[in-house]
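Each remark here refers to the structure printed beneath this line.
Being a predicted model, the structure only gives us computed values, none of them experimental. Basis for what follows: all heavy atoms, side chains included, without hydrogens, waters or symmetry-related copies. Note on naming: letters A, B, ... go to the chains in the order of the sequence lines (proteins, then strands), and numbering restarts at 1 for each one.
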There are 2 protein chains.
Amino acid sequence: MPEQTTGSSRPTLEAVAARAGVSRATASRVVNGGAGVRLPLAEKVREAVRELGYVPNHAARSLVTRRHGAVAVIIAEPEFRIFSDPFFEKQVRGISRELTAHDTQLVLLWVEGHGDHERISRYLDGGHVDGALAFSLHTADRLPAVIARSRIPVVFGGRPVSGAESAVPFVDCDNRGGAREAVQYLVSLGRRHIGHLAGPCTQTSALDRLAGYRDVLVDADPALVCQGDFTRESGARTMAELLERRPDVDAVFAANDLMAAGALRVLRERGIRVPEDVAVVGFDDMDAVVRATEPALTTVRQDIEGMGRLMVRLLMRMLDGAADAASASVITPTGLVRRESA
Amino acid sequence: MPEQTTGSSRPTLEAVAARAGVSRATASRVVNGGAGVRLPLAEKVREAVRELGYVPNHAARSLVTRRHGAVAVIIAEPEFRIFSDPFFEKQVRGISRELTAHDTQLVLLWVEGHGDHERISRYLDGGHVDGALAFSLHTADRLPAVIARSRIPVVFGGRPVSGAESAVPFVDCDNRGGAREAVQYLVSLGRRHIGHLAGPCTQTSALDRLAGYRDVLVDADPALVCQGDFTRESGARTMAELLERRPDVDAVFAANDLMAAGALRVLRERGIRVPEDVAVVGFDDMDAVVRATEPALTTVRQDIEGMGRLMVRLLMRMLDGAADAASASVITPTGLVRRESA
DNA sequence: GGCGGCTGTGAGAGCGCTCCCAAAAGCATT
DNA sequence: AATGCTTTTGGGAGCGCTCTCACAGCCGCC
């Protein structure tokens, strides 16, 4: 097997110790913070490190510490083009930043099909990473269950399906509370016939937002709820549907901003004024969408990057043994952002 | 320090060997393919592996093999929202798939600012990964140089700036040849005043496409080239600019599809017929863009996912010592896709 | 039937590091 | 100056694996 690294082989801790005139143990202490080493010695070691360009061998270290300084981020792409989704981009960015702050690496596991499940589970149990972060996308997907069964701690982004694995720790925003606030706001505006353009019923976020809507409008006409799928097109379609079913509708709470944007287009096309005739509220506060709507979209804001960061913090606490799965989940607050559409 | 893995500690190769009644060496041989082990013994070992749920300890293995089975993918986000960019998504997907095929993990390094350079370089030299993949985004960025200086093999996506690091291996499509073909096609259509909506001069892909344009139109009026930046908006702006400068323009080669889409919009707004009055050709053949234009965009196709895969293959060959940096770069072919706009 | 040349197997070293434990050194007391 | 402490330091084991090397079988061959 040919040498893969150029130049001479990397210096070991042994070499550093020899050069500094100390034992390997002392050199190790200095490299790992230097607690309990007298200053002049520590300085000598640090100098040796510098001169030799010493970089600790990670494999050797984690062989004994059983820590890897790495966390897996599992991204499934069953249907969504995950990365193009600005939601995911933000969340992954938050994760990445927080991991960097914890001096931890991000190992990306991109799951393609169902055959991949076995590979993922082997990887998680294979001692490559200390923990994992995953996203609960669809209620039908078996992947979350597979992941949760692994022997390393896992934190989910988004509330997983309730049921057997209720003990799975997750971070999610207060979808239900946010929806409630949005609908309550519409009520406070004096709106009487408030429709809901719902997201796909395979995703808990959509279900929770629908639940929030129902919390406020306990006995709303079922015809006021139209089933969409979080896309702009479905927003347009459901809005049209709603107008047909209930021409007297005077407000709409869309399950996300994209659907709200689709709805606004339809309303504009039909000459229905927003917010005068129909008030519209979205969910997510996605810059790219919100900035482009006309009128500017009133929506429920959630801190997506912050949720990513929280996922990491929670995982780190679990790794430190300071948090246990059952009690650890975090629900982040949402807030209504009032603009022009409602 | 509390236990981080649940349950009893993982079985070692020693345990497998004991259970199978063989030596550790033999067990190791079986786990690694089983060459040179008699069948009955091998079967016994495999059974022990199954019964114990043995998974090799990766750290221990790479401590001795000096292989990590992991490759870093370095993503800088100087200006671009990398992940939202469908180009990157495709390329990363290709990379991910090919890495999986090579049983290699993807470690994502997300570079934020310039202070991060040191961290990246330490990581690359820290014995975490066998090689790295990076993208040469902007000629001004120092990052590629930092990366190229590391002691592990690196393959770039996109031709890096020529100059000092000409020996850096990369994978890129034939930007220049593709541009040439596009412009030649416009010429063959009988077009006489062919403009170019150029991409940012800080990116080699844009420069190469411009060069291809110039290859064909050696002494074109400089006024026919307008400087954009790969965005849809810049496509619209440069198209307007071009129409002002040279109202007689009868064809346009845009540096990418997004710019072409912007250009089409402007042409439509002004009632200029495409392709009758002005023919338009793009570059990239991005589904999302191409599918949405009216008329359908004629463009230069490049296999982005394939480029991602090639990056991995090239890196793997370098890791095997079968390819050396200087001679290894790959230029993938492009092809004109004729639709309606030209 | 004994002997070279196989192939298959096991013993053991050692990858580079951390961490336990014992020894040494320092310090302040008596 | 001797004692009893605390802090620093070094020796050495061992994390789980691979890989070299020596040895044990086994074949056919003279």
Side-chain angles (χ1 to χ4, degrees), chain A residues 1-5 8-46 48-49 52-70 125-128 130 151, chain B residues 1-5 8-46 48-49 52-69 125-128 130:
Chain A
M1 180 174 295
E3 267 299 333
Q4 51 174 311
T5 53
S8 60
S9 67
R10 292 166 34 187
T12 70
L13 195 55
E14 191 78 52
V16 172
R19 182 170 197 110
V22 300
S23 74
R24 196 175 57 248
T26 298
S28 171
R29 276 186 276 262
V30 174
V31 168
N32 291 292
V37 176
R38 242 187 284 271
L39 211 61
L41 266 200
E43 206 31 74
K44 247 188 212 159
V45 172
R46 271 190 273 269
V49 166
L52 264 44
Y54 170 76
V55 185
N57 180 313
H58 187 252
R61 176 179 285 176
S62 65
L63 178 58
V64 30
T65 58
R66 276 119 200 296
R67 275 272 197 154
H68 302 93
D125 286 339
H128 300 76
D130 298 321
R151 52 206 309 170
Chain B
M1 181 176 294
E3 267 300 332
Q4 50 175 311
T5 52
S8 61
S9 68
R10 291 166 34 188
T12 70
L13 195 55
E14 190 77 53
V16 172
R19 182 171 197 109
V22 301
S23 74
R24 197 175 57 248
T26 298
S28 172
R29 277 186 276 260
V30 174
V31 168
N32 291 292
V37 176
R38 243 186 284 268
L39 212 60
L41 266 201
E43 207 31 74
K44 246 187 213 162
V45 172
R46 271 189 274 270
V49 165
L52 264 46
Y54 170 76
V55 184
N57 180 313
H58 187 252
R61 177 179 284 174
S62 66
L63 178 57
V64 28
T65 59
R66 275 120 200 295
R67 275 272 196 154
H68 302 93
D125 286 339
H128 300 75
D130 299 321

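If you measure from atom NE2 of B/His68 to atom P of D/dT18, you get 14 Å, rounded to the nearest angstrom. As a whole-Å value, the separation of B/Asn57 CG from D/dG16 C1' is 6 Å. Between the P atom of D/dT18 and the CZ atom of B/Arg61 lies a distance of 5 Å, rounded to the nearest Å. Nucleotide C/dC15 holds its P atom 10 Å from the CD atom of A/Glu14, rounded to whole Å. A/Arg67 places its CZ atom 20 Å from the C1' atom of D/dG16, with the value rounded to the nearest Å. With rounding to whole Å, A/Leu13 atom CG is found 14 Å from D/dG11 atom P. Note: CG (B/Leu63) to P (D/dT18) measures 11 Å, nearest angstrom. Between A/Asn32 atom CG and D/dT8 atom P there is a gap of 17 Å when expressed in whole angstrom units.
Side-chain N/O atoms of A/Arg38 include none lying less than 4.0 angstrom from OP1 or OP2 on D/dT8. For D/dG16, one of the phosphate oxygens OP1 or OP2 lies less than 4.0 angstrom from a side-chain nitrogen or oxygen of A/Arg66. Taking 4.0 angstrom as the limit, B/Ser28 places a side-chain polar atom (N or O) nearer than this to OP1 or OP2 of D/dT18. For the pair A/Thr26 and D/dG10, the criterion of a side-chain N or O lying under 4.0 Å from OP1 or OP2 is met.
Picking from D/dT18, D/dC15, D/dC17 the nucleotide with the shortest atom distance to the side chain of A/Val64 gives D/dC15.
Remark: side-chain polar atoms of A/Thr65 are paired, donor with acceptor, to backbone N or O of A/Arg61 under 3.5 angstrom. Side chain of B/Asp130 to backbone of B/His68: a donor-acceptor contact under 3.5 angstrom is found.
Summarising the geometry of B/Leu52 relative to B/Pro11, their closest heavy-atom pair is O-CG, 3.4 Å, with the distance given to 0.1 Å. Nearest heavy-atom pair across A/Ala59 and B/Ser62 is CB-OG, 3.4 Å. Pairing each heavy atom of B/Val31 with each of B/Tyr54, the nearest pair is CG2-CE2, 4.0 Å.
Remark: B/Ala18 pairs with no residue by the side-chain contact (heavy atoms from CB on, under 4.5 Å) rule, at least two apart or across chains.
Annotation: proximity of residues 18-25 of chain A to DNA chain D (heavy atom, distance under 4.0 Å) is found for A/Val22, A/Ser23, A/Arg24, A/Ala25, numbered in ascending order.
Annotation: salt bridge (charged side-chain N to carboxylate O under 4.0 Å, His left out) contacts involving residues 20-36 of chain A, sequence neighbours excluded, comprise A/Glu14-A/Arg24.
The nearest heavy atom of DNA chain D to B/Arg29 and to B/Pro56 marks one nucleotide each, and the one closer to the 5' end goes with B/Pro56.
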